Amino acid sequence: MDVAFLVLNLLVLAVTLESDVGTRKVRWFRVLRPAVTALIAIPFFLTGIDLSGIGLLLEVGALFLGVAMGYAACRLMRFLIDPGDAQPRTRAGWAYVLAWTGVIAVKTLMTYAATTWFPAELGRFMLDHHLGPDSIRAAFIFLALGSPLVRPAYLWIGGQRFARRHGTRLRLFTRPQQVVRFPAHR
C-alpha cells in the first residue's frame, strides 16, 4: 500500500475530528478547514487523471462513494441553537468518531486490498479496460477526498436550515463586539 494514501486519510480524520467532536459553533474556519486540508494535499498525491470512458467512470464513482460515506458520517452530527446568541451549534460524540474512523478504515482497507490482496486481478482489470496506473491512483484519491468535501456543505446547509427553522440566521462571520466606554461621572 502506498503510504501517501494512509497519510492523506489519517490527516483528513485528524482534522475532521479535531474540528467537530464536542459542541462547536458553525463558523467559516471550522466549515472550510478539513476541506482545505484535503484540497491542499491533492498536488502532493495526484499524478494524473484518466479522462477516458472507463477511467473517468471509475474516478467519478470513487468520488461519489467517498461523498456518500462522508454524508452518512455527517448525519450523526446534530444541530442545536445556543440560547445566548441564537446561533447554530453542532454536537458530535462517540458515534460520530466511530463513523468517521470507520469511513477512513474502509478507504484504507480498500487501498490495501487493491495493492496487496488483489494485485493480479487489478492488473487484469486495468489491462482489459486500457487503464493506466494514474486512473487507479486518482480513483483512490477521489475516494479519500469525497468525504471531507461533503462536510462543509453539510455544515453550511444544515446550519442555514436549522437556524431558519428556529427564527434566526446563520452567521459564519462575526464582528468583534465594540466596547463603548463612557466617561466616569463624579
Side-chain angles (χ1 to χ4, degrees), residues 1-2 4-22 24 26 30-42 44-79 88 90-118 121-122 125-126 129 131 133-162 165 170:
M1 177 173 84
D2 194 347
F5 294 116
L6 182 61
V7 169
L8 176 60
N9 282 318
L10 291 177
L11 179 67
V12 166
L13 177 64
V15 172
T16 300
L17 293 182
E18 187 277 327
S19 179
D20 289 343
V21 173
R24 305 287 175 118
V26 180
R30 178 175 166 232
V31 169
L32 294 178
R33 183 175 32 162
V36 170
T37 302
L39 290 173
I40 287 173
I42 287 177
F44 298 106
F45 300 110
L46 192 62
T47 56
I49 298 175
D50 188 354
L51 298 176
S52 68
I54 297 294
L56 185 61
L57 186 62
L58 183 67
E59 293 159 356
V60 169
L63 179 64
F64 280 127
L65 179 58
V67 166
M69 289 191 303
Y71 180 73
C74 284
R75 295 283 297 160
L76 295 171
M77 186 174 6
R78 299 289 172 236
F79 287 94
T90 61
R91 180 175 296 145
W94 283 107
Y96 185 81
V97 170
L98 291 174
W100 272 103
T101 304
V103 165
I104 298 303
V106 166
K107 292 189 287 188
T108 303
L109 183 64
M110 289 174 70
T111 305
Y112 182 78
T115 57
T116 306
W117 296 339
F118 308 112
E121 292 83 356
L122 182 61
F125 174 79
M126 291 170 62
H129 297 287
L131 296 173
D134 285 346
S135 62
I136 299 298
R137 183 177 180 87
F140 280 119
I141 290 172
F142 288 139
L143 177 66
L145 294 177
S147 47
L149 293 180
V150 75
R151 191 189 146 280
Y154 183 83
L155 282 174
W156 186 72
I157 293 169
Q160 290 282 8
R161 285 181 179 170
F162 196 79
R165 204 174 314 137
L170 175 65

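Given the structure is predicted, the values throughout are model-derived calculations rather than measurements.
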Set of residues satisfying ring pair (Phe, Tyr, Trp, His ring centres under 6.0 Å) with respect to Phe125, sequence neighbours excluded | His129

Looking at side-chain heavy atoms only, is the closest gap between Thr90 and Val26 below 4.5 Å?
-> yes

Enter the distance from Thr111:OG1 to Ile136:CD1 here, rounded to the nearest 0.5 Å.
-> 11.0 Å

Please report the shortest heavy-atom distance between Leu76 and Ala95, naming the atom on each side.
-> CD1-O, 3.5 Å

What residues, two or more places apart in sequence or in another chain, satisfy side-chain contact (heavy atoms from CB on, under 4.5 Å) together with Leu98?
-> none

Shortest non-hydrogen contact from Ser135 toward Gly55 = CB-CA, 4.4 Å

Reported CG-to-CZ distance for the pair Leu155 and Phe162, which is rounded to 0.5 angstrom | 13.5 Å

In Å, rounded to the nearest 0.5 Å, how long is the span from CD of Glu59 to CZ of Phe142?
-> 5.5 Å

Step by step, work out the side chain to side chain contact (heavy atoms under 4.5 Å, CB included) result for Leu17 and Val97.
-> CA-CA 7 Å; Leu17 293 182; Val97 170; 4.1 Å; yes

Spacing of Tyr96 atom OH and Thr101 atom OG1 [to the nearest 0.5 Å] = 10.5 Å

Side chain to side chain donor-acceptor pair (under 3.5 Å): pairs with one or both residues in residues 140-150, sequence neighbours excluded | Lys107-Ser147

Applying salt bridge (Lys or Arg N to Asp or Glu O under 4.0 Å), which residue pairs with at least one partner in residues 142-159 are found, sequence neighbours left out?
-> Asp20-Arg151

Could you name each residue pair satisfying side chain to side chain donor-acceptor pair (under 3.5 Å) that touches residues 67-78, not counting sequence neighbours?
-> none

Should the heavy atoms of other residues, nucleotides or ligands under 6.0 Å from CZ of Arg24 be counted, would the total exceed 12?
-> yes

Which atoms form the tightest heavy-atom contact between Pro148 and Trp100, and what is the distance?
-> N-CH2, 4.3 Å

Drop me the distance from Met69's CE to Phe64's CZ, to the nearest 0.5 angstrom.
-> 14.0 Å

Indicate the atoms forming the closest heavy-atom contact of Gly159 with Pro88, along with that distance.
-> O-CG, 3.6 Å

Say you draw a straight line from CG of Leu63 to CD1 of Ile141; how long is it, rounded to the nearest 0.5 Å?
-> 12.0 Å

All ring pair (Phe, Tyr, Trp, His ring centres under 6.0 Å) counterparts of Trp117, not counting sequence neighbours = Tyr112

Might you point out which heavy atoms bring Arg30 and Ser19 nearest each other, and give the distance in Å?
-> NE-O, 2.9 Å

